[in-house]
Amino acid sequence: MPMSFSNGPIRTICCIGAGYVGGPTMAVIADRCPAVQVTVVDINQARIDAWNAADLSQLPVYEPGLDAVVARARGRNLHFSTAVEEQIAAADMVFISVNTPTKTKGHGAGQASDLRWVEACARSVAKAATGHTIVVEKSTLPVRTAEAVQSILAAADPKGARSFSVLSNPEFLAEGTAIRDLEAPDRVLIGGEDPAAIEALAAIYASWVPDGRILRTNLWSSELSKLTANAFLAQRISSINSIAAFCEATGADVREVARAIGTDSRIGPKFLQAGPGFGGSCFQKDILNLVYLCRHFGLPEVADYWESVVQLNMWQQHRIAKLVVQKLFGTVTGKRLAILGFAFKADTNDTREAPAIRICLDLLEEGAQLAIHDPKVEPDQIERDLRLSASEAPDAEAGPTRAALSGEGAWWTSAAVEDALAGADAVLILTEWQHYRSLNWEALAPLMRQPAWVFDARSVVDPAVVTAAGLKYWRIGEGQV
Ligand code: NAD
Ligand code: UGA
């Protein structure tokens, strides 16, 4: 049965934005609500083509389990299209799931969210919608954005022949576990002013989410809860990373400290994994947005408090690059270093704000030769992230490369871990891919130039195995007793 609300049944959903959130979120809605036709639209033709690819390994987003969900629903009630206005016109409910990056120019540059894509969506809906349309903010937005969306929609139809209800329904999925998070969410949050619209959206989620987990709030609480959730999560990581540095200085072990504090039920065990700093498209941008808003609303002390979470994160990334240089006798110029993992976390091909970027850039600046391995990230993406062309992988027979001799930094990708490690003075583990947990260090160690180091920024390898293989070993948050 189609969902129903006061103005009639919801049969058609249009989601604007076929990205990391729009694609998987709509795939799960279509899978769980076979009576609702769901179309994901985007202005990016290549992305839509990839969502429509016959070969499911070519989907534009890599998420465990996504291919199976898409296979069940695509062509039945899940569609991908570039016909944005046509699909808006046909929809009872329109989700806005477009990018909201940090502004790079003008007022608020470096902190405020760039809302131009959200505004463009609101204008497309204002132009093309028909009848009554529920507009759902799925993107993460500054608190009170719904006010702007509402006024664009209201101005579009002064005679009131068409009508709109605006809801906030932020997304809490994490990359790498998106399908699990969508299928069994801790909660679904719906903020709004129109009870009928709220219940229409709640009815969609009720197909698979227990009602007790569907939270209803006012619009502003919903918008602000999303920024707050990300700020709290990121703050935990900066907190444990700050303690990791302190452990290294004092002989404590951050894993033991995390276990000791995490067993306190008020603190809890999750999100206490020290590492090279948080990455991902959202933590930094959402905290900076919060910082900007706090300053805007006259709360500079609150802004400073949250800004320190981001500052500590950047410090952690530079700190790791610096200590690698220090351990390698104060110089990495011309030295070959293997980088294992470029994605910002395991089980995703996303590199946005990955700690590997800043760490690699620091090492390249020092003249290092980086052999980069990642099971999912494409070389083109690494090239865009490092803003430096890839070099040919050096040939062991041919001796040092021109860049190595001149002291310039250079990088290339290696398809196998063994190739990345060949001739390297050190290996840095920057993403916690499962594969890196079970490497055969006894076989790998002889490939490296001795004395060789393993820098384990993710605590994924067994120190005893690495040291038994004759390698020097450093891991995050482990002090020398
Ligand atoms: P994304 O960059 O992967 O995808 C956004 C898509 O929107 C792009 O394909 C772009 O072409 C399209 N787009 C932009 N303007 C458009 C327009 N006017 N018409 C049609 N298409 C348009 O972004 P994302 O990672 O999916 O994030 C989307 C939002 O969700 C952001 O606000 C983000 O903060 C939030 N969010 C992201 C995650 C995550 O894990 N990535 C999780 C929760 C929330
Ligand atoms: C995060 C949130 O977890 C989601 O709830 C939210 O929806 C999303 O941001 C968003 O708004 O975009 P995501 O960035 O995909 O999800 O991944 P996380 O698992 O949160 O990891 C973020 C970063 O923190 C990664 O670099 C990860 O390696 C790091 N991290 C995470 C740690 O260093 N230690 C931890 O204990 C946990």
Side-chain angles (χ1 to χ4, degrees), residues 14-26 40-48 50-51 60-61 63 80-85 87-88 94-102 113-125 137-142 145 169-178 181-182 185-186 226-227 229-234 236-241 244 254 258 262 269-287 289 313 316-317 341 343-348 350-356 430-432 457-459 476:
C14 169
C15 173
I16 313 178
Y20 279 86
V21 169
T25 308
M26 292 302 127
V40 189
V41 295
D42 205 293
I43 43 178
N44 182 336
Q45 181 73 55
R47 220 167 208 194
I48 292 298
W51 280 110
V61 170
E63 275 296 332
F80 295 93
S81 164
T82 50
V84 178
E85 291 187 3
Q87 293 302 327
I88 292 172
V94 177
F95 285 78
I96 298 179
S97 187
V98 297
N99 34 318
T100 50
T102 304
S113 288
D114 190 340
L115 295 177
R116 75 177 102 157
W117 294 276
V118 172
E119 182 173 335
C121 289
R123 290 187 187 281
S124 298
V125 176
E137 296 175 345
K138 182 54 97 180
S139 295
T140 302
L141 297 169
T145 302
N169 172 222
E171 185 49 61
F172 296 100
L173 68 79
E175 289 181 28
T177 54
D181 297 341
L182 288 164
D186 285 349
K226 174 62 196 177
L227 294 183
N230 275 359
F232 268 59
L233 290 168
R236 263 174 91 94
I237 301 170
S238 280
S239 297
I240 200 69
N241 283 342
V254 76
K270 293 183 183 168
F271 257 68
L272 287 178
Q273 182 77 50
F278 57 77
S281 62
C282 295
F283 278 174
Q284 179 171 307
K285 97 170 157 60
D286 292 347
I287 297 180
N289 185 214
N313 194 53
Q316 176 78 341
Q317 296 172 11
F344 81 96
K345 63 186 278 195
D347 290 329
T348 176
D350 195 346
T351 63
R352 290 177 289 181
E353 302 295 338
L430 300 183
T431 311
E432 70 285 21
R458 293 286 191 172
S459 306
I476 192 85

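Counting starts at 1 for both ligands and their atoms, following the listed order.
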Are the side chain of Trp51 and the backbone N or O of Ala18 linked by a donor-acceptor pair below 3.5 Å?
-> yes

Do the side chain of Lys345 and the main chain of Glu175 share a donor and acceptor less than 3.5 angstrom apart?
-> yes

Carefully, step by step, assess Asp350 and Phe344 under the rule side chain to side chain contact (heavy atoms under 4.5 Å, CB included).
-> CA-CA 7 Å; Asp350 195 346; Phe344 81 96; 3.7 Å; yes

Give the residue, atom name and distance (to 0.1 Å) of the protein heavy atom nearest atom 29 (C) of ligand 1.
-> Val98 O, 3.3 Å

Considering the heavy atoms of Trp117, write down every atom of ligand 1 situated less than 4.0 Å from one of them.
-> 14 (C), 15 (N)

Thr177 versus Asp347: any side-chain heavy-atom pair under 4.5 Å?
-> no

So which heavy atom in the protein is nearest atom 5 (C) of ligand 1, and how far is it from that ligand atom?
-> Asn99 OD1, 3.5 Å

Between the candidates Ile16, Ile88, Val21, which shows the shortest non-hydrogen contact distance to atom 30 (O) of ligand 1?
-> Val21

Considering distance alone, does some N or O of Thr100 sit under 3.5 Å from an N or O of ligand 1?
-> yes

Tell me which protein heavy atom sits closest to atom 12 (C) of ligand 1, plus the residue, atom name and distance to 0.1 Å.
-> Asp42 OD2, 3.2 Å

Taking all heavy atoms of Ala457 and all of Pro276, pick out the closest pair and write down the distance.
-> O-CD, 3.4 Å

If you measure from each non-hydrogen atom of Cys282 to ligand 1, which part falls under 4.0 Å: side chain, backbone, both or neither?
-> side chain

Positive for side chain to side chain donor-acceptor pair (under 3.5 Å) with Lys285, one of Asn99, Thr102, Thr100, Thr140 = Thr100

Flag, side chain of Asp42 to backbone of Ile48, donor-acceptor distance under 3.5 Å | no

Looking only at distance, does Tyr20 have an N or O less than 3.5 Å from an N or O of ligand 1?
-> yes

For Leu173, take its heavy atoms, then give the atoms of ligand 1 lying under 4.0 Å from any of them.
-> 40 (O), 42 (C)

Check each atom of ligand 1 against the heavy atoms of Lys226 and keep those under 4.0 Å away; list them by number with element.
-> 43 (C)

Start with the C-alpha gap between Phe95 and Glu171, add the side-chain angles, then the distance that decides, and say whether side chain to side chain contact (heavy atoms under 4.5 Å, CB included) holds.
-> CA-CA 11 Å; Phe95 285 78; Glu171 185 49 61; over 6 Å; no

Look at Glu137 together with Lys226 and state whether they make a salt bridge at an N to O cut-off of under 4.0 Å.
-> no

Purely on distance, is any nitrogen or oxygen of Ser97 under 3.5 Å from one on ligand 1?
-> no

Closest protein heavy atom (residue, atom, distance) for atom 23 (O) of ligand 1 | Arg352 NH1, 4.0 Å

Given side chain to side chain contact (heavy atoms under 4.5 Å, CB included), test Ile237 with Phe283 step by step and report yes or no.
-> CA-CA 11 Å; Ile237 301 170; Phe283 278 174; 3.9 Å; yes

Step by step, work out the side chain to side chain contact (heavy atoms under 4.5 Å, CB included) result for Leu182 and Thr25.
-> CA-CA 7 Å; Leu182 288 164; Thr25 308; 4.0 Å; yes

Tell me, which protein residue and heavy-atom name are nearest atom 44 (C) of ligand 1, and how many Å apart are they?
-> Thr140 OG1, 3.5 Å

Interfacing atoms of ligand 1 (cut-off 4.0 Å, heavy-atom, Ser281) = 41 (N)

Measure the shortest side-chain to side-chain distance between Val41 and Cys14 over non-hydrogen atoms and say whether it is less than 4.5 angstrom.
-> yes

With the criterion set at N/O pairs under 3.5 Å, what does the list of contacts between the protein and ligand 2 look like, atom names and distances included?
unit_1	atom_1	unit_2	atom_2	d
ligand 2	5 (O)	Phe172	O	2.7
ligand 2	7 (O)	Glu171	O	3.4
ligand 2	7 (O)	Phe172	O	3.2
ligand 2	7 (O)	Leu173	O	2.7
ligand 2	7 (O)	Lys226	NZ	2.8
ligand 2	11 (O)	Lys226	NZ	2.8
ligand 2	11 (O)	Asn230	ND2	2.8
ligand 2	15 (O)	Glu175	N	2.7
ligand 2	17 (O)	Lys345	NZ	3.2
ligand 2	19 (O)	Lys345	NZ	2.8
ligand 2	26 (O)	Gly279	N	2.9
ligand 2	26 (O)	Phe344	O	2.8
ligand 2	28 (O)	Arg458	NH1	2.7
ligand 2	28 (O)	Arg458	NH2	3.3
ligand 2	34 (N)	Gln273	O	2.8
ligand 2	36 (O)	Leu272	N	3.4
ligand 2	36 (O)	Gln273	N	2.9

For the residue pair Leu173 and Ala178, what are the closest heavy atoms and their distance?
-> CD1-CB, 3.9 Å

Can you check whether Glu171 has an N/O within less than 3.5 Å of an N/O in ligand 1?
-> no

Tell me which protein heavy atom sits closest to atom 39 (C) of ligand 1, plus the residue, atom name and distance to 0.1 Å.
-> Glu175 OE2, 3.5 Å

Give the residue, atom name and distance (to 0.1 Å) of the protein heavy atom nearest atom 34 (O) of ligand 1.
-> Lys285 NZ, 2.6 Å

Taking all non-hydrogen atoms of both residues into account, name the closest pair between Ala274 and Ala244 and its distance.
-> CB-CB, 3.8 Å

Between Ser97 and Val21, is there a donor-acceptor pair closer than 3.5 Å when you use the side chain of the first and the backbone of the second?
-> no

Just need the protein heavy atom nearest to atom 21 (N) of ligand 1, so name the residue and atom and give the distance.
-> Ile43 N, 3.4 Å

